[in-house]
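We name chains A, B, ... by the order of the sequence lines, and we start the count at 1 in each one.
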There are 2 protein chains.
Amino acid sequence: MNPKMTPYNINEFKNPLFTVDSVLFTVEHNCLKVLLVKRANEPFLGSWGLPGGFVNVDADATTDITALRNLKEKTNVAPQYLEQLQTFSNTSRDPRGFSVTLVYFALIAAQQVSSHIATIDEVQWVELDKLNSLSMAFDHKMIIEHAKQRLQQKALYSMVPVYCLPEYFTVGQLKSVIETIIGKTIQRKSLIRRIEAANMFEAIDEKVKSGGRLAQQYKVKSGVDIVHFERNLSV
Amino acid sequence: MNPKMTPYNINEFKNPLFTVDSVLFTVEHNCLKVLLVKRANEPFLGSWGLPGGFVNVDADATTDITALRNLKEKTNVAPQYLEQLQTFSNTSRDPRGFSVTLVYFALIAAQQVSSHIATIDEVQWVELDKLNSLSMAFDHKMIIEHAKQRLQQKALYSMVPVYCLPEYFTVGQLKSVIETIIGKTIQRKSLIRRIEAANMFEAIDEKVKSGGRLAQQYKVKSGVDIVHFERNLSV
DNA sequence: TGAATAGTGTCTCTCAGACAATATTAC
DNA sequence: GTAATATTGTCTGAGAGACACTATTCA
């Protein structure tokens with residue numbers, strides 16, 4: 001702390017409660033799923049909610065690290081994709097008073113975490129379609145809905161859904177993941193055009209069985225950025 | 001506070017410093033400008049920075065209200081457009097320690113505020129092109145750059161730039177504002193097609209002088225949402 | 001009338017959608 | 001061979017870009 005600065009009274013304002021939560025999606029068996037955690041603390045002890053928690057200001061360099069730390073506790077790995085969704089705040093979402101949650105939106109391949117979370121009772125994948133029958137902590141149900149809409153939008157103009165797939169994947173797998181996310185079928189031809197135009201994938205020598213003709217495998221080139229196409233796929 | 005809940009130790013975690021800042025843009029004389037405020041407090045006392053401050057948890061229902069309250073203090077009016085940009089956090093951006101700022105991104109017609117801010121020494125519009133020659137508080141220069149990029153993106157697939165214009169505006173004015181924002185010319189024809197397709201404007205009876213043929217005036221229909229087009233204008 | 005700005009007509013170009021045709025695998 | 005899936009070819013359509021053309025105003 002700079003000793004020359006005029007004293008700042010940190011108690012002049014009550015700081016709001018500030019937490020970081022993550023909506024981690026995956027696609028498994030043609031279902032869009034979100035990772036939920038059984039809460040071990042009040043409020044909403046025992047309810048299902050998003051993985052998250054307070055910032056550890058001594059250990060977390062940024063809130064990104066906070067999100068990753070909390071996700072790693074639950075899944076044992078870092079998600080393949082992570083970005084800020086938005087914050088949600090008001091005086092009623094947390095019974096303790098005014099609270100702000102910074103929500104991240106993350107993607108991972110189901111295979112990367114399934115073995116780990118299968119061993120933990122307090123963590124589960126829940127199908128988006130089955131959220132309504134679940135009672136959830138805070139406003140997390142509404143937050144998941146926002147995150148889903150963001151994911152659906154991104155699926156129309158970018159290749160982010162690829163981060164729901166393992167390292168090597170085929171066009172058919174990517175097509176299926178996108179279709180699950182946006183809830184309608186797309187043209188394989190359009191997807192192939194985009195795979196070529198995006199220039200963010202490389203073909204793998206080895207092909208893979210698929211029930212018919214062998215399928216070309218791809219992987220994400222290292223160090224590439226997500227391309228944003230100038231047109232959406234049709235809704 | 002719910003008395004039945006198990007006690008929660010609020011001091012278990014040091015809460016990070018949490019502030020709300022806004023990047024308020026306008027377009028005036030074919031220049032994109034941002035509203036800056038001369039800081040009245042440490043740190044960075046006397047430097048120029050974004051309007052913002054702490055949440056007043058007793059008075060602000062949401063962080064949106066915090067942003068609006070701070071902007072109104074400086075401009076005397078509410079901006080015509082306001083949305084969350086993103087948060088920025090780390091241990092070094094504020095000398096007091098780990099801090100998080102939630103940044104909003106706002107637009108307003110220059111006419112609505114020029115008379116008011118002209119009376120205040122501590123508030124000024126600064127052209128985006130002249131930011132480099134200014135020493136700014138915190139990481140606000142970088143934040144403004146992020147906000148500018150978001151604005152530029154939005155200008156390509158939506159009509160948000162209209163919120164830099166007064167209630168009644170012409171196609172020529174909107175074209176000019178968009179061109180200033182994205183830094184290149186666009187086709188008047190394309191803009192007119194979008195104005196019709198968006199279905200968010202209504203033509204006003206009265207036309208207005210423009211140096212040549214009288215120009216049709218438009219206004220934003222009340223209660224409409226921003227339309228997102230499925231294609232971008234070309235960059 | 002000419003300069004200036006507003007507005008229209010229309011052709012091209014790009015890329016998504018549709019879908020037929022072909023290729024490759026397992027059985 | 002057939003069934004199943006992968007891949008390519010190619011036509012259509014929507015909407016942006018380009019730009020010529022017309023319309024209206026003022027000096």
Side-chain angles (χ1 to χ4, degrees), chain A residues 30 152-159 161 165 168-179 181-218 227-235, chain B residues 30 152-159 161 165 168-179 182-219 227-235:
Chain A
N30 294 323
Q152 288 179 330
Q153 265 309 112
K154 291 222 162 208
L156 297 179
Y157 65 76
S158 82
M159 288 296 189
L165 288 170
Y168 295 169
F169 60 90
T170 67
V171 174
Q173 288 170 336
L174 181 52
K175 176 168 181 284
S176 161
V177 164
I178 293 172
E179 288 174 342
I181 289 171
I182 68 177
K184 72 180 287 293
T185 58
I186 62 169
Q187 293 286 325
R188 165 185 288 266
K189 181 72 182 185
S190 300
L191 180 57
I192 290 174
R193 276 192 290 240
R194 287 190 158 199
I195 287 175
E196 280 161 11
N199 192 31
M200 60 182 286
F201 307 112
E202 52 188 308
I204 301 301
D205 268 350
E206 170 191 1
K207 304 199 175 187
V208 77
K209 284 187 207 175
S210 66
R213 173 174 169 175
L214 298 188
Q216 175 66 57
Q217 281 187 300
Y218 294 87
V227 176
H228 287 203
F229 298 100
E230 296 202 345
R231 294 193 198 179
N232 281 5
L233 298 175
S234 298
V235 245
Chain B
N30 294 323
Q152 288 179 330
Q153 266 308 111
K154 292 224 159 204
L156 297 178
Y157 65 76
S158 82
M159 289 295 189
L165 288 169
Y168 295 167
F169 60 91
T170 67
V171 175
Q173 288 170 336
L174 182 53
K175 176 168 181 284
S176 160
V177 164
I178 294 172
E179 289 174 343
I182 67 177
K184 70 181 287 294
T185 59
I186 61 169
Q187 293 285 326
R188 164 184 288 266
K189 181 73 181 185
S190 300
L191 180 57
I192 290 174
R193 277 192 289 241
R194 287 191 157 196
I195 287 175
E196 280 160 14
N199 192 31
M200 61 182 286
F201 306 112
E202 52 187 309
I204 301 301
D205 269 351
E206 170 191 0
K207 304 198 174 190
V208 77
K209 284 186 206 177
S210 66
R213 173 173 168 175
L214 297 188
Q216 175 67 55
Q217 282 187 299
Y218 294 87
K219 62 172 287 198
V227 176
H228 287 202
F229 299 99
E230 296 201 348
R231 293 196 200 177
N232 282 4
L233 298 174
S234 298
V235 246

Is there a donor-acceptor pair closer than 3.5 Å between any side-chain N or O of B/S176 and the backbone N or O of B/G172? no
Please check: side-chain N/O of B/S210 versus main-chain N/O of B/R213, any donor-acceptor pairing under 3.5 Å? yes
Evaluate the side-chain proximity of [Y] to [X]: yes if any heavy-atom separation is below 4.5 Å, no if none is.
X      : Y      : value
B/M159 : B/L174 : yes
B/E179 : B/K184 : no
B/R231 : A/N232 : no
A/L233 : A/Q187 : no
A/Q217 : A/E206 : yes

For DNA chain D, which residues of residues 170-177 of chain B approach it to below 4.0 angstrom with any heavy atom? none
Nucleotide range of DNA chain D lying under 4.0 Å from chain B heavy atoms: D/dA14 to D/dT25
Select base, sugar-phosphate, or nothing to describe what A/Q216 touches, counting heavy atoms under 4.0 Å on all strands. sugar-phosphate
What heavy-atom pair brings A/I181 and A/P161 nearest, and what distance separates the two atoms? CD1-CB, 3.7 Å
Shortest non-hydrogen separation from A/R188 to A/K175 and the atoms involved: N-CE, 3.7 Å
According to side chain to side chain contact (heavy atoms under 4.5 Å, CB included), who are the partners of B/A197, at least two apart in sequence or on a separate chain? B/F229
Who pairs with B/D205 by side chain to side chain contact (heavy atoms under 4.5 Å, CB included), at least two apart in sequence or on another chain? none
Contact pattern, 5' to 3', of nucleotides 15-20 of chain C - B, S or - by protein heavy atom under 4.0 Å: BBBBB-
Centroid-to-centroid, A/Y157 to B/Y157, below 6.0 Å? no
Using side chain to side chain contact (heavy atoms under 4.5 Å, CB included) as the criterion, point out the one residue from A/T170, A/I204, A/V171 that pairs with A/Y218. A/V171
Produce the list of close N/O pairs, under 3.5 Å, pairing protein atoms with atoms of nucleotides 21-25 of chain C; give distances to one decimal.
residue, atom, partner, partner atom, Å
C/dA23, O4', A/R213, NH1, 3.4
C/dA23, N3, A/R213, NH1, 3.3
C/dT24, O2, A/R213, N, 3.2

Gap between atoms CD1 and P, on B/I192 and C/dT10 respectively (whole Å): 16 Å
